[in-house]
Amino acid sequence: QVQLVESGGALVQPGGSLRLSCAASGSIFSINVMGWYRQAPGKERELVAVLPSGGITHYSDSVKGRFTISRDNTKNTVYLQMNYLQPEDTAVYYCNAMGVSNLPAFPSFNTWGQGTQVTVSS
């Protein structure tokens, strides 16, 4: 199967920056899409940014111009550079990856990481 491990969450002051990382491992043949989602207390999980292979990056309106998603395909890793963080960015951030596995019994995967906490507070 495929596993995702996120890192980089922390407590940061408003206006600060953080960089999240998510590394995929396991029975990966190819990864088609990697992305970041977040879930604040009492709210539903929402899309932050997605980056398809060879496709166009998509950001939620709330983070456009502040967050940047990028991928290192050689490492099966996706990053989220978050600048000008605000208290409303406080949430658990989840990584997601969809692609093709090299397991015949499970040809495709849609996998979530365990989440990393980002808290923006003074």
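Under a cut-off of 6.0 angstrom, the local environment of CD in E88 is crowded, with over 12 non-hydrogen atoms contributed by other residues, nucleotides or ligands.
Clustering ILVMFWY residues whenever any of their side-chain heavy atoms sit less than 4.5 angstrom apart, transitively, puts M98 in the very cluster that holds V50. Hydrophobic clustering (side-chain heavy atoms under 4.5 Å, transitive across Ile, Leu, Val, Met, Phe, Trp, Tyr) groups L47 together with V33.
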Could you pull out every donor-acceptor pair under 3.5 Å between side chains of residues 75-82 and any protein atom, sequence neighbours left out?
unit_1 : atom_1 : unit_2 : atom_2 : d
T77    : OG1    : K75    : O      : 2.9
Q81    : NE2    : N83    : OD1    : 2.9

Per-pair distances, 0.1 Å, donor-acceptor, side chain in residues 52-64, under 3.5 Å, sequence neighbours excluded:
unit_1 : atom_1 : unit_2 : atom_2 : d
S53    : OG     : I31    : O      : 2.8
S53    : OG     : N32    : O      : 3.3
S53    : OG     : R71    : NH1    : 3.1
S53    : OG     : R71    : NH2    : 3.2
Y59    : OH     : I69    : N      : 2.9
S60    : OG     : S62    : OG     : 3.1
D61    : OD1    : K64    : NZ     : 3.2
S62    : OG     : R38    : NH2    : 3.3

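Pairing each heavy atom of M34 with each of C95, the nearest pair is CE-SG, 4.4 Å. Smallest separation of non-hydrogen atoms from A24 and L4: CB-CD2, 3.3 Å. Contact between P14 and S122 at its shortest, heavy atoms only, is CD-N, 3.7 Å.
Interatomic distance, N102 CG to F109 CZ, rounded to the nearest 0.5 Å: 9.5 Å. In this structure, OH on Y93 lies 12.5 Å from CD on E6, to the nearest 0.5 angstrom. Remark: L51 CG to S70 OG distance equals 7.5 Å, nearest 0.5 Å. Here the straight-line distance linking atom CD of Q1 with atom OG1 of T111 works out to 7.0 Å at 0.5 Å rounding.
The ring-ring contact (aromatic ring centres under 6.0 Å, His included) analysis of residues 27-52, with sequence neighbours excluded, yields the pairs Y37-W112. Judged as a salt bridge (charged side-chain N to carboxylate O under 4.0 Å, His left out), not a single pair has a partner in residues 109-122 (not counting sequence neighbours).
Counting heavy atoms from C-beta outward, V118 and T90 have side chains that stay 4.5 Å or more apart. Contact check for T116 versus V92: no side-chain heavy atoms found under the 4.5 Å cut-off.
Judged by distance alone, the side chain of T119 and the main-chain N or O of L11 form no donor-acceptor pair under 3.5 Å.
Applying the side chain to side chain contact (heavy atoms under 4.5 Å, CB included) test to A10 and every residue at least two apart in sequence or in another chain returns L18. With sequence neighbours excluded, the residues satisfying salt bridge (Lys or Arg N to Asp or Glu O under 4.0 Å) with R66 are D89.
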